[in-house]
Amino acid sequence: MFPVFRPESPQAQAIFDLFWLVMLISAGIFTVVAVLIIVALWRGRSRVELPTQEFGSARSEMYWMVGPAIVVVWIAAISANLILTVNAVPAIHSPHDASAEPEITVIGHQWWWEVRHHASGIVSANEIYIPVGKRIRVRLQSADVIHSFWVPQLARKMDAIPGRDNFIWLEANNPGGYQGLCSEFCGTQHAWMNFKVYALPPGEYAAWESARLAAPADPAGADATAGQRLFGSLSCVNCHAINGTGAVATIGPDLSHIASRKELAGGALENSPENLARWLADPQAIKPGCKMPNFRLTEPHVRQLVAYLETLE
Ligand code: CUA
């Protein structure tokens, strides 16, 4: 069953309920119209002459203008009310009110998502961790073109637009991983701009937070140590950051704790040492057009970089 039909948050449930309500109203109208047409066809099946024509009946015209107008205005009103409930726009009158600040900012990039947790300072890519059962305000931005942030089981779609802040709430009723995707065509690799929202019970969330805040341990082993040196001397540091090291660039995904991620490259690959090596050896073969160039790394260099990155758990 499509994820939109398995809502896992109060908002997604409200969207789902509205969908069925509008569906039922439409089906009701369709049935009435279809039955009237069938009855008319049946009763007039053997008539040759035209039935008497009626012109200018103010009464009938009033019925078929006012009736549909009421239905349309009603559907518009309940839809607008739903939109206002699921957008998490901070109060306009209190721009400095801390409670109006978002907990998380998500920035769309071609073709990945940057995730910034404000209270803890944790930065990640393509995965958003939230505590279960809590409403999290998310600010959406874009670094380049228009993207659209969508987690079908949790919330509405919302565009991420350059130079503009949009806000939504993220919330999950139950622990689990919820698939998210970019739902606005944004270039060749739009299809590989996936992400996941992981909802954790409060205790596990706190454990996740402290694990992510821990500085990386010094890599052990010849390959990993060599890989760490390579990371600093090759072009990696020009684009990537790793928490607790000298790498602080923000052009590409933050690689702190990359070994604990479940996917690579916006969902294009499962995260495993083999796939990480494939990615480093030739990113363009896996995700043509992506911003990570093929550095023509030698096989030992790939092995050493993978050994180092795998220590970042
Ligand atoms: Cu980003 Cu489509």
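Both ligands and their constituent atoms are indexed starting at 1 by order of listing.
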N238 side chain to A249 main-chain N or O, any donor-acceptor pair under 3.5 Å? no
About how large, to 10 degrees, is the angle SG of C186, then atom 2 (Cu) of ligand 1, then SG of C182? 120°
Metal proximity, H147 vs atom 2 (Cu) of ligand 1, N/O/S cut-off 2.8 Å: no
Side-chain donor/acceptor of H257 to backbone N/O of L312, under 3.5 Å: no
Aromatic plane relationship, F2 with F5 - under 30° parallel, 30 to 60° tilted, over 60° perpendicular: tilted
Which label fits W113 and F149: parallel for a plane angle under 30°, tilted from 30 to 60°, or perpendicular past 60°? perpendicular
Taking N, O or S atoms only and a limit of 2.8 Å, check whether Q110 reaches atom 1 (Cu) of ligand 1. no
Before moving on, can you tell me the angle at atom 2 (Cu) of ligand 1 between the ND1 atom of H190 and the O atom of E184, to the nearest 10 degrees? 80°
